[in-house]
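One structure is given below, encoded as structure tokens.
The structure displayed is predicted, hence computed values, not measured ones.
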Amino acid sequence: MNPQDMSPLDRLRHSTAHVMADAVKRLFPEAKITIGPAIENGFYYDFDVEKPFTEEDLERIEQKMQEIIDAGDAFRCEEMSRDAALELFSKMGETYKVEILGSIPADETITVYRHGEFVDLCRGPHVESTKQIKAFKLISVAGAYWRGDERNRMLQRIYGTAFPDKKQLRAHLAALEEAKKRDHRRLGKELELFSFSETIGAGLTLWHPKGGRVRHLMETYWKERHLQSGYDLLYTPHIARDRLWEQSGHLGFYSDNMYSGMDVDGQDYLVKPMNCPFHAVIYKDRLRSYREFPLRWAELGTVYRYERSGVLHGLFRVRGFTQDDAHHFVREDQLSDEIDFVLNFCLDMLKAFGFDDFELYLSTRPEKSVGSDAQWALAEGILVERLKQSGVKWEIDAGGGVFYGPKIDLKIRDSLGRRWQCSTIQVDFQLPERFDITYVGEDGRRDHRPIMIHRALLGSLERFFGILVEHYGGKFPLWLAPTQAIIANVTDAQADFVQSVKRRLTAAGFRVEADLRNEKLGAKIRESQLQKVPYTLIVGDKEAAADSVSPRPHGGKPEGALTVDQLIERLKTESEIPGSKNL
RNA sequence: GCCCACGUAGCUCAGUGGUAGAGCACCUCCUUGGUAAGGAGGAGGUCACCGGUUCAAGCCCGGUCGUGGGCUCCA
């Protein structure tokens, strides 16, 4: 980061990190300081200490920080020769600072910042005085490797945050609370959507009935859209012989992520981490003509990948998941139109799921790559062209492409403003070579090489579902809600009528439950609301007599009675999928 | 994988060496009540798993499994 670019907020946070380091040094003189930058929502500082910090330590550090702030010492910048700085930090025993000094380019000016007795190698800038730190809080402790490299020593990192005033700090902490409430792991349990089990194994998702309903809706909609848009659907096995993975190259560059094989009649079989090799084999089952192009083959393919135990996280990072994968086979002259098609297809579909804020990233040729210069130039040129036409904001990640071709990644922004990468569109020069994939051209020759496009749209159904849960805070739109309405009777006298309403709504295609329990109406409404069911339909004697129900929308006030027929019309309208015709 | 924390009833959690607890949920009964919790009773736990220390372990020690916060933000 260029120090000139540091925002006032980052300056405040970085200064707070210094104050924290000062407090830590006072309480734990043996601690060695390392680095302490401002980050997106606050700051951290890494320390090398014998004993990790505890929660109680955090409180003591916070108190000490407050004392330092109250003292109101000025932050002072001091330029120093490299030798003087080396001597200073060597004498202090700050070996990490000495190491950092060694990695600063020779032509750069060395500066240290002081406040009170504390001194830190730092290019700044800082606020003027510790007094300017008005609102801060230490958040958590965590282990972190020196310079982010796991071969290095594990340091102890303290995360904290700071704001210009207490009100903003409170708002930030409240936002953290809100995010906690929307955490898909919590909602997954509360709404009975999915679970994990020690008996099954880490990172392996169990979809419960209500989660299963949502997944079914996602899949059904996904399949319909694909079929309407010229895709065919493929189904391929979960395992394949090792020779497939040898040919695809996965045994070479992906085996760390693959589960060990199983012996079947003396042959070694492996669980699939990807679907593409299967699609390639289907392609090769017979001669293909350019007249068939573009081929669009999609599969909801369940794959298994080894992920290190520490990175597993709810539905966001799992070991078994279903990719909504697709492979397009095109001629070179069709590449541009096909990219245009698939890009718009992705954007449309994501809109239907409630996202409308997108960012696109083009990743270009990395240092190590396959394919000719001409191929890369052509493909990158086409991607740039289509990105420009998309009307969506986009950036270039130079050299960030996969070795087999350039790609476009699509990020969505959720209701809490967080960005998620789901879709990826990748041009592949490699796989057609490896599998010797060809087609018969206009000239009758069989040795033409098609271009292959890999595409995942939602990415993984598990992860996308987790994102949806958090995006909606568990309150799914009507078309996706696992239960769209609960019909609640006031007394037993309406039980038969409730059952008949349930039958009629179910027959009309809605997901409806009846709550006939011997409970007061208030209790039924409360539970329906807590389950975030879009409509609670109240039925008392008045409604039953008029073939009607009184709807109460989730989070809303009671509404006047509607006849069952009117209700069906209303639900039909409201459960339309954005930008699509109803299923 | 690594650092730290955690794992007690379906859920949320209390219990730090001496016979396992609460609230909610669940079941039964009473109550038939009009828009966010009606009442009473009952059942429910090899304290994650394996091993060790001890007269005695949910609690102490070791291992395993699982969960959470992190390990990309660079003086």
(Q) Which is more 5' along RNA chain B, the nucleotide nearest A/Ala202 or the one nearest A/Phe53? Just name the residue. (A)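 Final value for this comparison: A/Phe53.
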**Q.** Residue closer to the 5' end of RNA chain B, A/Lys524 versus A/Ile110 (nearest nucleotide)
**A.**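 Nearest nucleotide further toward 5': that of A/Lys524.
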(Q) Any heavy-atom pair between the side chains of A/Val490 and A/Ile538 that's under 4.5 Å? (A)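 Yes. Closest side-chain heavy atoms under 4.5 Å.
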Q) A/Thr483 and A/Arg213: side-chain donor and acceptor closer than 3.5 Å? A)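 A donor-acceptor contact under 3.5 Å links the two side chains.
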**Q.** Exercise: do A/Thr109 and A/Glu79 side chains pair donor with acceptor under 3.5 Å
**A.**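 Looking only at side-chain atoms, A/Glu79 and A/Thr109 do not form any donor-acceptor pair under 3.5 Å.
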Please state the [atom1] separation for the pair [N] and [M] - nearest whole angstrom.
N     : M     : atom1 : result
B/U8  : B/C13 : C1'   : 9 Å
B/C59 : B/C6  : C1'   : 15 Å
B/C26 : B/C65 : P     : 37 Å
B/C3  : B/A14 : P     : 26 Å
B/U46 : B/G21 : P     : 15 Å
B/A48 : B/G66 : C1'   : 8 Å
B/C11 : B/U19 : P     : 26 Å
B/G1  : B/A43 : C1'   : 45 Å

So [X], base contact, sugar-phosphate only, or nothing? Heavy-atom distance under 4.0 Å.
X        : value
A/Gln156 : sugar-phosphate
A/Tyr45  : nothing
A/Val112 : nothing
A/Tyr159 : sugar-phosphate
A/Leu155 : nothing
A/Gly314 : sugar-phosphate
A/Thr109 : base
A/Ile100 : sugar-phosphate
A/Arg147 : base
A/Ser309 : base

Q.
Before we go on, tell me: are the rings of A/His184 and A/Phe316 under 6.0 Å apart, centre to centre?
A.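 Yes, ring centres under 6.0 Å apart.
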Q) For the residue pair A/Phe47 and A/Phe28, is the inter-centroid distance of their aromatic rings smaller than 6.0 Å? A)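 For A/Phe47 and A/Phe28, the ring centres are not under 6.0 Å apart.
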Q.
Assess whether a salt bridge exists between A/Arg60 and A/Glu56, defined as any Lys/Arg side-chain N lying under 4.0 Å from an Asp/Glu carboxylate O.
A.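 Answer for the salt bridge query: no.
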Q. Any side-chain N or O of A/Tyr44 under 4.0 Å from OP1/OP2 of B/G70?
A.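 No, A/Tyr44 has no side-chain N/O under 4.0 Å of OP1/OP2 on B/G70.
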Q) Does a nitrogen or oxygen in the side chain of A/His313 sit under 4.0 Å from OP1 or OP2 of B/G69? A)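 A/His313 to B/G69 OP1/OP2: side-chain N or O found under 4.0 Å.
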Q. Could a donor-acceptor pair under 3.5 angstrom be found where the side chain of A/Tyr145 meets the base of B/G1?
A.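 Donor-acceptor pair under 3.5 Å: yes.
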(Q) Is it the case that atom NZ in A/Lys137 sees more than 12 heavy atoms from other parts of the structure closer than 6.0 Å? (A)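 No, the 6.0 Å shell around NZ holds no more than 12 heavy atoms from other groups.
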Q) Has A/Lys393 got more than 12 heavy atoms of other residues, nucleotides or ligands less than 6.0 Å from its NZ? A)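 Counting neighbours around NZ of A/Lys393, more than 12 heavy atoms of other residues, nucleotides or ligands fall under 6.0 Å, so yes.
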Under 3.5 Å, is there a donor-acceptor pair between the side chain of [X] and the main chain of [Y]?
X        : Y        : answer
A/Glu94  : A/Ile33  : yes
A/Thr364 : A/Gly399 : yes
A/Thr424 : A/Asp409 : no
A/His554 : A/Tyr535 : no

I need the [atom1]-[atom2] distance between [X] and [N], as an integer number of Å.
X        : N     : atom1 : atom2 : answer
A/Arg157 : B/C74 : CZ    : C1'   : 9 Å
A/Lys189 : B/G68 : NZ    : P     : 10 Å
A/Met6   : B/C74 : CE    : P     : 10 Å
A/Leu204 : B/G66 : CG    : C1'   : 12 Å
A/Ile35  : B/C73 : CD1   : C1'   : 8 Å
A/Glu198 : B/G10 : CD    : P     : 14 Å
A/Phe196 : B/C65 : CZ    : P     : 18 Å
A/Asn489 : B/U32 : CG    : P     : 15 Å

Q.
Wobble G-U and Watson-Crick pairs count when both distances are under 3.5 Å; given that, what is the 5' to 3' dot-bracket string of RNA chain B, with | for pairing to other strands?
A. (((((((..((((....[..)))).(((((.......))))).....(((((..]....))))))))))))....
Among [options], which nucleotide has an atom closest to any side-chain atom of [X]?
X        : options            : answer
A/Asp492 : B/G33, B/C74, B/G1 : B/G33
A/Val311 : B/C2, B/G1, B/G69  : B/G1
A/Pro52  : B/C71, B/C3, B/U67 : B/C3

Between N or O atoms, less than 3.5 Å apart, protein on one side and nucleotides 34-44 of chain B on the other: list the pairs.
{"residue": "B/G34", "atom": "O6", "partner": "A/Asp541", "partner atom": "N", "Å": "3.0"}
{"residue": "B/G34", "atom": "O6", "partner": "A/Lys542", "partner atom": "N", "Å": "3.3"}
{"residue": "B/G34", "atom": "N1", "partner": "A/Glu543", "partner atom": "OE1", "Å": "2.7"}
{"residue": "B/G34", "atom": "N1", "partner": "A/Glu543", "partner atom": "OE2", "Å": "3.3"}
{"residue": "B/G34", "atom": "N2", "partner": "A/Glu543", "partner atom": "OE2", "Å": "2.5"}
{"residue": "B/U35", "atom": "O3'", "partner": "A/Arg552", "partner atom": "NH1", "Å": "3.1"}
{"residue": "B/U35", "atom": "O2'", "partner": "A/Arg552", "partner atom": "NH1", "Å": "2.6"}
{"residue": "B/A36", "atom": "OP2", "partner": "A/Arg552", "partner atom": "NH1", "Å": "3.3"}
{"residue": "B/A36", "atom": "O4'", "partner": "A/Gly522", "partner atom": "O", "Å": "3.4"}
{"residue": "B/A36", "atom": "O4'", "partner": "A/Arg526", "partner atom": "N", "Å": "3.4"}
{"residue": "B/A36", "atom": "N6", "partner": "A/Gln529", "partner atom": "OE1", "Å": "3.4"}
{"residue": "B/A37", "atom": "N7", "partner": "A/Arg526", "partner atom": "NH1", "Å": "3.3"}
{"residue": "B/A37", "atom": "N6", "partner": "A/Arg526", "partner atom": "NH2", "Å": "2.7"}
{"residue": "B/A37", "atom": "N1", "partner": "A/Arg526", "partner atom": "NH2", "Å": "2.9"}
{"residue": "B/G38", "atom": "OP1", "partner": "A/Glu519", "partner atom": "OE1", "Å": "3.4"}

